[in-house]
Amino acid sequence: MTLPMQVPIPGLPARVRIHEVGPRDGLQNEKATVPTAVKADFVRRLAEAGLTTVEATSFVHPEWVPQLADAEELFPQVAALPVALPVLVPNERGLDRALALGARRVAVFASATESFAKANLNRTVDESLAMFAPVVARAKAAGVHVRGYLSMCFGDPWEGAVPVPRVVRVCRALLDLGCDELSLGDTIGVATPGHVTALLDELTGQGVPVDAVGVHFHDTYGQALANTLAALQRGVTTVDASAGGLGGCPFAKSATGNLATEDLVWMLRGLGVETGVDLDRLVATSVWMAAHLNRPSPSRTVRALSPTHHQEQ
Ligand SMILES: CC(C)(COP(=O)([O-])OP(=O)([O-])OC[C@H]1O[C@@H](n2cnc3c(N)ncnc32)[C@H](O)[C@@H]1OP(=O)([O-])[O-])[C@@H](O)C(=O)NCCC(=O)NCCSC(=O)C[C@@](C)(O)CC(=O)[O-]
């Protein structure tokens, strides 16, 4: 396989943990139901490719996200894999479902904007934080790791640009609830590197440890890698990505695919940043998944490393 020449940029972290969201964020917007066995195989293949955190599914209302309505069926099929398997839980009902199956990592998901909080959770921002409070408290009491996603950190399709202080307020609230880590979401992919740097500087300037902050970029305007590099330059070591560039939120107008894990691994490899991911196996997984979804992967790296991929679809 072709690999990039390794030329580091001084000051970047030596290692990055990729939080793989393909089976959850990647698939949640797919209209045709993906069979549970295919989803389980997807998670297994990602683990075998060296990803150590694979977000498996969501315990949300099944009518809100029909694609993930098989969470109860799926989770036991992957639970024994030797990787972290976070799942999304919006409320106590979701937490009960996840804990009943032995989930050890959960994620709540807030919004920096009122419009998206309403569209995604049927709540105001503060009502959703109140909904998460007992979820986080009970999860922590059970020794379960809690991630706090924050959507619309840069721009919102209904409200436009989102001011940094608004984002910081909800970040603080999630940490005050007891979340172990944050994931800053550019849900509709409008961020640019200066904006990413400004938000991270404001957060760390207010005492939020950079180790507790992950980034979650969508690639709508082709900025996801540039934004990731800006975040790495500020010390971020957790980066969300989706195999093959699958993804998008059904409740956010204009949301497109996530940063492709392959594109991220290619860049990090060139920078000499360790990820533990076998790019060959990852590309093969995305080509396999694309065949199930019946369309080629949008990832540039998948296309470049699997030149017949387009003709095969
Ligand atoms: C939060 C709710 C449930 C509120 O939806 P609601 O309609 O307000 O629900 P409710 O609390 O009024 O409850 C109504 C009924 O739903 C049931 N119910 C309630 N909760 C559950 C549950 N967990 N599992 C199963 N059933 C549930 C509940 O038991 C009740 O049943 P009834 O008593 O009437 O028979 C709904 O809005 C929802 O499920 N939203 C999920 C939306 C979602 O999954 N969005 C995608 C993930 S976020 C994302 O993609 C962004 C991210 C994370 O990737 C980062 C980024 O890119 O920005």
Side-chain angles (χ1 to χ4, degrees), residues 13 15-29 42-43 46-47 49-58 68 83-88 105-112 120 145-154 167 171 174 179-191 193 196 199-200 203 210-220 222-232 234-249 252 255-268 273 275-277 282 285-286 298-299 301:
R15 190 177 178 91
V16 157
R17 181 174 66 87
I18 299 179
H19 184 109
E20 169 63 45
V21 296
R24 195 279 303 172
D25 207 356
L27 295 184
Q28 69 183 9
N29 210 14
F42 190 30
V43 175
L46 291 167
L51 289 149
T52 53
T53 305
V54 184
E55 202 165 88
T57 187
S58 295
L68 304 184
V83 293
L85 294 164
V87 293
L88 262 58
R105 282 179 174 251
V106 299
V108 294
F109 42 105
S111 170
N120 201 39
H145 182 277
V146 185
R147 163 175 260 227
Y149 273 108
L150 184 56
S151 290
M152 304 297 175
C153 288
F154 301 94
V167 179
C171 284
L174 286 168
C179 289
D180 296 290
E181 69 172 8
L182 297 172
S183 171
L184 305 177
D186 181 19
T187 317
I188 56 168
V190 292
V196 172
L199 175 56
L200 288 170
L203 272 176
V210 76
D211 290 355
V213 180
V215 288
H216 180 106
F217 296 120
H218 287 256
D219 209 18
T220 319
Q223 304 296 300
L225 276 181
N227 291 336
T228 302
L229 183 56
L232 298 180
R234 282 298 190 263
V236 167
T237 56
T238 299
V239 181
D240 298 2
S242 174
L246 296 172
C249 179
T256 62
N258 290 70
L259 167 62
T261 314
E262 291 84 352
D263 298 4
L264 174 63
V265 170
W266 179 270
M267 180 180 81
L268 293 177
V273 176
T275 63
V277 174
L282 181 58
T285 296
S286 289
S299 159
T301 303

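Counting from 1, the numbers follow the sequence of the chain as shown.
In terms of the side chain to side chain donor-acceptor pair (under 3.5 Å) criterion, Asp219 has no residue partners (sequence neighbours excluded). Among residues two or more places apart in sequence or in another chain, the side chain to side chain donor-acceptor pair (under 3.5 Å) test is passed with Ser151 by none. For Ser299, the side chain to side chain donor-acceptor pair (under 3.5 Å) partners two or more places apart in sequence, or in a different chain, are Asp263.
At distances below 3.5 Å, not a single donor-acceptor pair connects side-chain atoms of Ser58 with backbone N or O atoms of Leu88.
Residues Leu200 and Ala231 come closest through the heavy atom pair CD1-CA, 3.6 Å. Taking every heavy atom of both residues into account, Leu203 and Cys171 meet most closely at CD2-CB, 3.7 Å. Minimum interatomic distance between Gly244 and Pro298 (heavy atoms only, all atoms of both residues): O-CD, 3.0 Å. The two atoms that bring Pro23 and Ala56 nearest to each other are CB-O, 3.6 Å, heavy atoms only. Nearest heavy atoms, Val54 versus Ala47: CG2-N, 4.5 Å.
The aromatic rings of His216 and Tyr149 sit perpendicular to each other, their planes meeting at more than 60°, with 30° as the lower class boundary.
Once rounded to the nearest 0.5 Å, the distance linking CG of Leu174 with CG of Leu150 reads 6.0 Å. Between atom OG1 of residue Thr285 and atom CD of residue Glu262 there is a gap of 8.0 Å, rounded to the nearest 0.5 Å. If you take CG on Leu184 and CG on Leu199, they are separated by 5.5 Å, rounding to the nearest 0.5 Å. Separation of atoms OG1 (Thr261) and CD (Glu20) is listed at 3.5 Å; rounding is to 0.5 Å. Note that CG of Leu46 and CG of Leu51 are 6.0 Å apart. Values are rounded to the nearest 0.5 Å. Taking NE2 from His218 and CG from Asn258, the interatomic distance works out to 4.0 Å, rounded to the nearest 0.5 Å.
Asn227 is not listed as a side-chain neighbour of Val215, based on a closest heavy-atom distance of 4.5 Å or more. Residues Arg147 and Thr238 meet the side-chain proximity criterion, which asks for heavy atoms closer than 4.5 Å. Between Val190 and Thr220, every side-chain heavy-atom pair lies at or beyond the 4.5 Å cut-off. Contact annotation: the side chain of Val239 approaches that of Leu259 to within less than 4.5 Å [non-hydrogen atoms, C-beta and beyond]. No side-chain heavy atom of Leu229 sits under 4.5 Å from any side-chain heavy atom of Pro193. Side-chain contact between Phe154 and Ile188: absent, with no pair of heavy atoms (C-beta onward) separated by less than 4.5 Å.
Under 3.5 Å, the side chains of Asp25 and Ser242 contain no donor-acceptor pair of N or O atoms. Residues Thr53 and Arg17 have side chains that bring a donor and an acceptor to within less than 3.5 angstrom of each other.
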So Arg15 and Thr237, side chain to side chain contact (heavy atoms under 4.5 Å, CB included) or not? Walk me through it.
CA-CA 7 Å; Arg15 190 177 178 91; Thr237 56; over 6 Å; no

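Applying side-chain contact (heavy atoms from CB on, under 4.5 Å) to Pro13 and the options Leu232, Val236, Val210 leaves one that passes, Leu232.
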